[in-house]
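Contents: one structure, followed by commentary.
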Protein chains: 2
Amino acid sequence: MQEMCINTIFMQKELRQTTILKLITTKSVGRQDEIVEFLEKKGFSVTQSSVSRDLDELGVIKVNGLYSMPSKPKSAISFGLSGMQTAGDNLIVIKCEAGMASAVCVRIDNTPIKEIVGTIAGEDTIFIAINDKEAQQAVMQTIWEIFEK
Amino acid sequence: MQEMCINTIFMQKELRQTTILKLITTKSVGRQDEIVEFLEKKGFSVTQSSVSRDLDELGVIKVNGLYSMPSKPKSAISFGLSGMQTAGDNLIVIKCEAGMASAVCVRIDNTPIKEIVGTIAGEDTIFIAINDKEAQQAVMQTIWEIFEK
DNA sequence: ATAGTTTATGCAGGAAATGTGCATAAACAC
DNA sequence: GTGTTTATGCACATTTCCTGCATAAACTAT
């Protein structure tokens with residue numbers, strides 16, 4: 001039997017990963033142990049194993065001995081797409097350079113992405129409707145891939 | 001303790017639902033008991049409870065005492081509206097013929113539907129925001145009615 | 001190459017989500 | 001009303017997900 005979590009609250013994975021992301025983008029972190037230590041100070045109970053998996057899931061990479069998020073592909077930005085965020089579980093909001101939203105949206109619409117329920121483009125913003133969190137993740141991934149090449 | 005499934009293979013839900021769909025579109029079925037019976041002949045082990053839930057998940061409805069998949073009203077399609085879906089509990093996404101979204105949206109906006117929080121029309125897509133699942137159902141129903149007449 | 005450090009992973013156990021039948025409530029038909 | 005049909009609260013089983021432990025693998029510095 002294990003007693004790993006006897007005194008802790010569960011379903012903290014997502015919050016923990018967000019915290020890790022905030023940490024590595026804010027401070028210079030070079031070892032997973034530091035992350036563990038930081039998280040413990042924040043009240044999380046976690047081991048190096050989980051941090052390792054978290055970093056993997058987040059897509060964090062190590063450059064010059066420091067953890068960091070890979071930056072958005074330049075080609076996407078130069079095409080007109082400047083940022084992508086979620087809003088709840090059923091929306092993706094894409095920001096574009098002024099006037100470029102339609103063009104970006106056409107390119108998305110021309111790619112068959114089954115999870116997309118619908119898209120609407122304004123002047124510099126696109127809304128994409130999807131059914132759930134998993135679809136949201138998948139679609140965001142796919143969209144980056146469209147503009148990466 | 002239950003022994004419901006001791007001799008059966010699990011993870012048959014999806015296949016079972018596909019079978020149900022095939023059944024109700026092929027033959028005339030008016031009672032869930034008939035579906036249960038049919039499934040048992042096909043080798044599934046299932047009760048009326050599960051069939052009820054399956055029908056719900058599939059979106060099957062009963063018209064004239066027979067189960068069937070809801071189809072789009074012809075008049076709506078001819079007006080420019082070609083499909084309607086949900087995305088989560090707070091969005092309805094309407095697909096229209098190319099360029100028809102504004103026209104369809106105007107017609108919706110001109111109908112007072114109190115549950116609608118807001119609408120946006122693109123080229124061939126409309127987003128409608130609502131507050132909850134019940135409103136979602138009610139609004140979709142109302143919109144179909146607008147275009148049915 | 002070796003030793004020390006850091007990270008990844010197979011495994012097992014526990015938790016959460018999902019699927020199901022039973023019993024019965026609710027809805028419907030007459 | 002009665003009888004039939006459908007929906008649902010509950011309990012239990014299964015599956016999937018999450019986690020720590022132990023340790024293998026990878027890396028670093030000497």
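In what follows, every chain begins at residue 1, and chains take the letters A, B, ... in the order their sequences are listed. Remember, predicted model here, so these are calculated numbers, not experimental data.
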Would you kindly give the [atom1]-to-[atom2] distance between [X] and [N], to the nearest whole Å?
X: B:Lys13; N: D:dT16; atom1: NZ; atom2: C1'; value: 14 Å
X: A:Asn64; N: D:dT28; atom1: CG; atom2: P; value: 12 Å
X: A:Leu39; N: D:dC18; atom1: CG; atom2: C1'; value: 16 Å
X: A:Glu14; N: C:dA17; atom1: CD; atom2: C1'; value: 16 Å
X: A:Phe44; N: D:dG20; atom1: CZ; atom2: P; value: 12 Å
X: B:Leu15; N: C:dG19; atom1: CG; atom2: C1'; value: 15 Å
X: A:Ile20; N: D:dC18; atom1: CD1; atom2: P; value: 14 Å

Axis deviation across the helix from C:dA1-D:dT30 to C:dC30-D:dG1, five-pair ends, to the nearest 10°: 50°

Using a side-chain heavy atom cutoff under 4.5 Å and only I, L, V, M, F, W and Y, what cluster partners does [X] have?
X: B:Val93; result: A:Leu91, A:Val93, A:Val117, A:Ile120, A:Phe127, B:Leu91, B:Ile120, B:Phe127
X: A:Val63; result: A:Ile61
X: B:Val106; result: none

Qualifying salt bridge (charged side-chain N to carboxylate O under 4.0 Å, His left out) pairs, either residue in residues 56-67 of chain A, two or more places apart: A:Lys13-A:Glu57

Pair listing, salt bridge (charged side-chain N to carboxylate O under 4.0 Å, His left out) test, anchored in residues 81-92 of chain A, at least two apart: A:Asp89-A:Lys133

N or O in side chain of B:Arg16 less than 4.0 angstrom from C:dT20 OP1/OP2: yes

Of all pairs that satisfy ring-ring contact (aromatic ring centres under 6.0 Å, His included), the ones with a partner from residues 56-88 of chain A, not counting sequence neighbours: A:Phe79-A:Phe147

Pairs satisfying ring-ring contact (aromatic ring centres under 6.0 Å, His included), at least one member in residues 15-61 of chain A, at least two apart: none

Selection residues 110-120 of chain B - residue pairs positive for side chain to side chain donor-acceptor pair (under 3.5 Å), sequence neighbours left out: B:Asp109-B:Thr119

Contact list for residues 90-99 of chain A, test side chain to side chain donor-acceptor pair (under 3.5 Å), sequence neighbours left out: A:Lys95-A:Thr125

Letter per nucleotide, 5' to 3', of nucleotides 25-30 of chain C [B base touched, S only sugar-phosphate touched, - untouched; heavy atoms, 4.0 Å]: ------

Distances under 3.5 Å between protein N/O atoms and the N/O atoms of nucleotides 6-9 of chain C, please, pair by pair.
{"from": "C:dT6", "atom 1": "OP1", "to": "A:Arg31", "atom 2": "NE", "distance (Å)": "3.1"}
{"from": "C:dT7", "atom 1": "OP1", "to": "A:Gly30", "atom 2": "O", "distance (Å)": "3.4"}
{"from": "C:dT7", "atom 1": "OP1", "to": "A:Lys62", "atom 2": "NZ", "distance (Å)": "2.7"}
{"from": "C:dT7", "atom 1": "OP1", "to": "A:Tyr67", "atom 2": "OH", "distance (Å)": "2.7"}
{"from": "C:dT7", "atom 1": "OP2", "to": "A:Gln32", "atom 2": "N", "distance (Å)": "2.7"}
{"from": "C:dA8", "atom 1": "OP2", "to": "A:Gln32", "atom 2": "NE2", "distance (Å)": "2.6"}
{"from": "C:dA8", "atom 1": "OP2", "to": "A:Ser52", "atom 2": "OG", "distance (Å)": "2.9"}
{"from": "C:dA8", "atom 1": "N7", "to": "A:Gln48", "atom 2": "NE2", "distance (Å)": "2.9"}
{"from": "C:dA8", "atom 1": "N6", "to": "A:Gln48", "atom 2": "OE1", "distance (Å)": "2.9"}
{"from": "C:dT9", "atom 1": "O4", "to": "A:Ser49", "atom 2": "OG", "distance (Å)": "3.2"}

Nearest atoms (heavy-atom pairs only) where B:Ala101 meets B:Gly122: CB-O, 3.4 Å

Smallest separation among heavy atoms of B:Cys96 and B:Ile126, with atom names: SG-CD1, 4.0 Å

